[in-house]
There are 2 protein chains.
Amino acid sequence: MYTNNIFSVNMYIQILNKGFIFMFRYREVYSDIKRDILTNHYRAGHALPTQDELANKYDISRITLKKSIHLLEEEGLVFSKQGSGTFVRQRMNNQSGELLPLDLPVGVTYSHRDQKITSKILYFDARLPSKEEQKNLQIKGNEPVYEIKRLRLINGEKYSFEHTLMPVSIAPLDEKIIQGSIYDYLGSKAKLQLTDAQRIVYAEAADEEAASILGVKAASPLFVIKQTAYDQRGRAFEYSISKFIGDQSQFVLDVHLNK
Amino acid sequence: MYTNNIFSVNMYIQILNKGFIFMFRYREVYSDIKRDILTNHYRAGHALPTQDELANKYDISRITLKKSIHLLEEEGLVFSKQGSGTFVRQRMNNQSGELLPLDLPVGVTYSHRDQKITSKILYFDARLPSKEEQKNLQIKGNEPVYEIKRLRLINGEKYSFEHTLMPVSIAPLDEKIIQGSIYDYLGSKAKLQLTDAQRIVYAEAADEEAASILGVKAASPLFVIKQTAYDQRGRAFEYSISKFIGDQSQFVLDVHLNK
DNA sequence: TAGTGGTCTAGACCACCTG
DNA sequence: AGGTGGTCTAGACCACTAC
């Protein structure tokens, strides 16, 4: 029976793999449990079934199940208490619903919410990188970079001012492409995905350029994200500085220590 | 030999466990590899030894080693490439070295850097919570909360303005305690540890109170962190608003998608 | 004492990258 | 084709919580 079990699971993965949808078992189980939490099938403050029960239900080993649970923990949906159980966390205070996850690219969030994100191109050219840019993008001084300045709009409303640098060697760009989502383009064209990023965040007073572009008073507070983006192969492919209107954008971050 | 191996590892854990230092094997290995990376024994851009080699070196199973590697990945120190190896990430651009991790309590960071963090108490009292506070702390309207306003100083320099709310039921506080680290006190007194937190961050113009306390001009940009802190049992035990001087504090966050 | 989650093992097979 | 990381398994033992 166990052998049978192993076989069936592997077959299952293979089928998925060679078919259209590809997913690992622990991701499927994670998604399934997540749905059950979000639909209140598992209620906030209450315990999930035990790990043994869940492993049994999904016909997977406990180790695999733990991997699923671990994803839920990282997402802040549940927490485990040794000797006691795994509990659904109380729903967070969602305030105005206008919070953006700080650990996701901004574009992703808004697309998911069916809001229309557009861009007005302010500047587009290629040039050689400065010392600082060479360091951030891990490239040499003779490798040209695209420089892009865009005003991003959500449903037509001014939202953020983005200054982006990308090595030309990553993929050819043109005005039409940068009108939309660069990430989408890079995903299909260069098979390149954002998998890691370092973000430096701070508040600053708007300089004249940012103020006029965003339509706010000079010196009004801006929220700034400086991001270096890495693809699945560990290559830095983008360095960007995004400035958001202070009293208009709030970001949320779930922090999990230990473990 | 394998049985011997299992035995020795378990003994090892037991000894540590009943002795003074307690640590899991995967944490030890994680720390060891991390040290080797930080000391440039494993160099940026290069591959680590293979997982098999490392597992062998530390005399642990590959699964346990993978757990160690996973911690390093989460920390942004390495990245793994299937079929190729595990590579040390290029050191991030550390700028002025004044970056604070956004996913750690601020106090922890500075203590680790041997910098002296002190507090000037501006306000300390207890009262009943507002509706919003009840929601954030998951308490009822008749459960009193402490309200604390502190100016935090690093090496005597004005650093942040913190407004903290904590249910009285968590642990008794007094002026002496809140002079230092509340978390340290809660850890020893109430056996309570911060394990999770939700942080909402944004930029705002300083109001008069914040401006005068932090010694900046009114309307100058502040970086604000609104935090709800949860203990290891999933209980919200603190709600705080921290305001940092804009051009003085930058925060860093490593983002990892997928996996 | 019983039950639950945490850590760890040895081993198998697969996907992916590089020659 | 060989090597490397990714996923998954069955099973053992320990730590912690609650009754």
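To find a chain, count down the sequence lines: A is the first, B the second, and so on, and within it residues start at 1.
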Between the main-chain N or O of [Y] and the side-chain N or O of [X], is there a donor-acceptor pair closer than 3.5 Å?
X         : Y         : answer
Gln134(B) : Pro129(B) : yes
Arg25(B)  : Asp59(B)  : no
Arg235(A) : Ile170(A) : no

Counting any heavy atom closer than 4.0 Å, what does [X] reach on the DNA or RNA strands: base, sugar-phosphate only, or nothing?
X        : result
Ile69(B) : nothing
Ser80(B) : sugar-phosphate
Thr50(A) : sugar-phosphate

- request: Identify the two heavy atoms, one from Tyr185(B) and one from Leu173(B), that lie closest to each other, and give their separation to 0.1 Å.
  value: CE2-CD2, 3.7 Å
message: At less than 3.5 Å, do the side-chain atoms of Arg62(A) and the base atoms of dG11(D) form a donor-acceptor pair?
response: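 No, the side chain and the base share no sub-3.5 Å donor-acceptor pair.
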task: Find which nucleotide of DNA chain D each of Lys81(A) and Ile63(A) is nearest to by heavy atoms, and output the residue with the more 5' nucleotide.
output: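 Looking at DNA chain D, the more 5' nearest nucleotide goes with Ile63(A).
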Check the distance between [N]'s [atom2] and [X]'s [atom1] and give it to me in whole angstrom.
X        : N       : atom1 : atom2 : answer
Glu53(B) : dG3(D)  : CD    : P     : 12 Å
Ile60(A) : dT9(D)  : CD1   : P     : 6 Å
Lys66(B) : dG11(C) : NZ    : P     : 18 Å

Between [N] and [X], is there an OP1 or OP2 to side-chain N/O distance shorter than 4.0 Å?
X        : N      : answer
Tyr26(B) : dT7(C) : yes
Lys67(B) : dG6(C) : no
Ser84(B) : dG5(D) : no
Thr64(B) : dT9(C) : yes
Gln51(B) : dG6(D) : yes

- request: Go through the steps to decide whether Glu238(A) and Tyr183(A) satisfy the test side chain to side chain donor-acceptor pair (under 3.5 Å), and finish with yes or no.
  value: CA-CA 10 Å; Glu238(A) 188 207 66; Tyr183(A) 291 164; 3.0 Å; yes
- prompt: Axis-to-axis angle across the helix from dT1(C)-dA18(D) to dT18(C)-dA1(D), five pairs an end, to 10 degrees?
  reply: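 The end-segment axes of the helix from dT1(C)-dA18(D) to dT18(C)-dA1(D) are tilted 20° relative to each other.
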query: Who passes ring-ring contact (aromatic ring centres under 6.0 Å, His included) against Phe87(B), sequence neighbours left out?
result: Phe79(B)
